[in-house]
Amino acid sequence: MCQIKSAGPKFGKGDDADVSQLSALDRYAAPMTVMSPSDRTDRNPTGAASAPNLPNGAIMYRTLVLAGLAGMIAGPALAASGSCSTAPKSQFKPKATLEAQLTGEGLTVRQIKVENGCYEVYAVDKAGKKVNLAYNAETLEKLDNAEAGEN
């Protein structure tokens, strides 16, 4: 039975008050024990292989690492709309053709570089803002990734 020393008003006879609500909790607190995963029989039947005892943080870390690796592998394939050319340089369209196309779109071309089958274009738009673009050197298809040839 639990007893509480009362510092405030008196609840009964004397300084100590009998609190029956707390004594009811004693019935439930005693049987509660913490069991390790290897002691649990409801999830680990006899003869079954037991899972390694990993803390939740380690499981979460492994899950995040695996998800990150999957994203790194699939990311470029999903993000790339078009890619650089794998054809020989003799099949590339001339830089002058691309420059004429961009000038017609209102861009002032500063430089066109060839990098790994892509034309990387440095230009200025009508508003005076610097623009970095990438085009497939064989088809002159505009690529979503301006840094496509720098892999």
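Since the model is a prediction, treat every value here as computed from it, not as a measurement.
Grouped by direct or indirect side-chain proximity (heavy atoms under 4.5 Å, Ile/Leu/Val/Met/Phe/Trp/Tyr only), Leu102 sits with Phe92, Leu98, Leu107, Val109, Ile112, Val114, Tyr119, Val121, Val131, Leu133, Tyr135, Leu140.
Partner of Cys84 under the side-chain contact (heavy atoms from CB on, under 4.5 Å) criterion, chosen from Asn136, Asn145, Leu143: Leu143.
Looking only at side-chain heavy atoms (C-beta outward), Glu120 and Glu147 come within less than 4.5 Å of each other.
Evaluation of the disulfide (SG to SG under 2.5 Å) test over residues 88-117, restricted to residues two or more places apart or in two chains, returns none.
Once rounded to the nearest 0.5 Å, the distance linking OH of Tyr122 with CD of Gln111 reads 6.5 Å. Rounding to the nearest 0.5 Å gives a distance of 7.5 Å between CD of Glu141 and OG of Ser83. Note: Lys142 NZ to Glu105 CD = 7.0 Å, rounded to the nearest 0.5 Å.
Remark: Glu115 pairs with Lys113 by the salt bridge (charged side-chain N to carboxylate O under 4.0 Å, His left out) rule, at least two apart or across chains.
In plain terms, the two heavy atoms of Lys93 and Glu138 that are nearest each other are CG-O, 3.4 Å. When all heavy atoms of Ala134 and Ala146 are compared, the closest pair comes out as CB-O, 3.6 Å.
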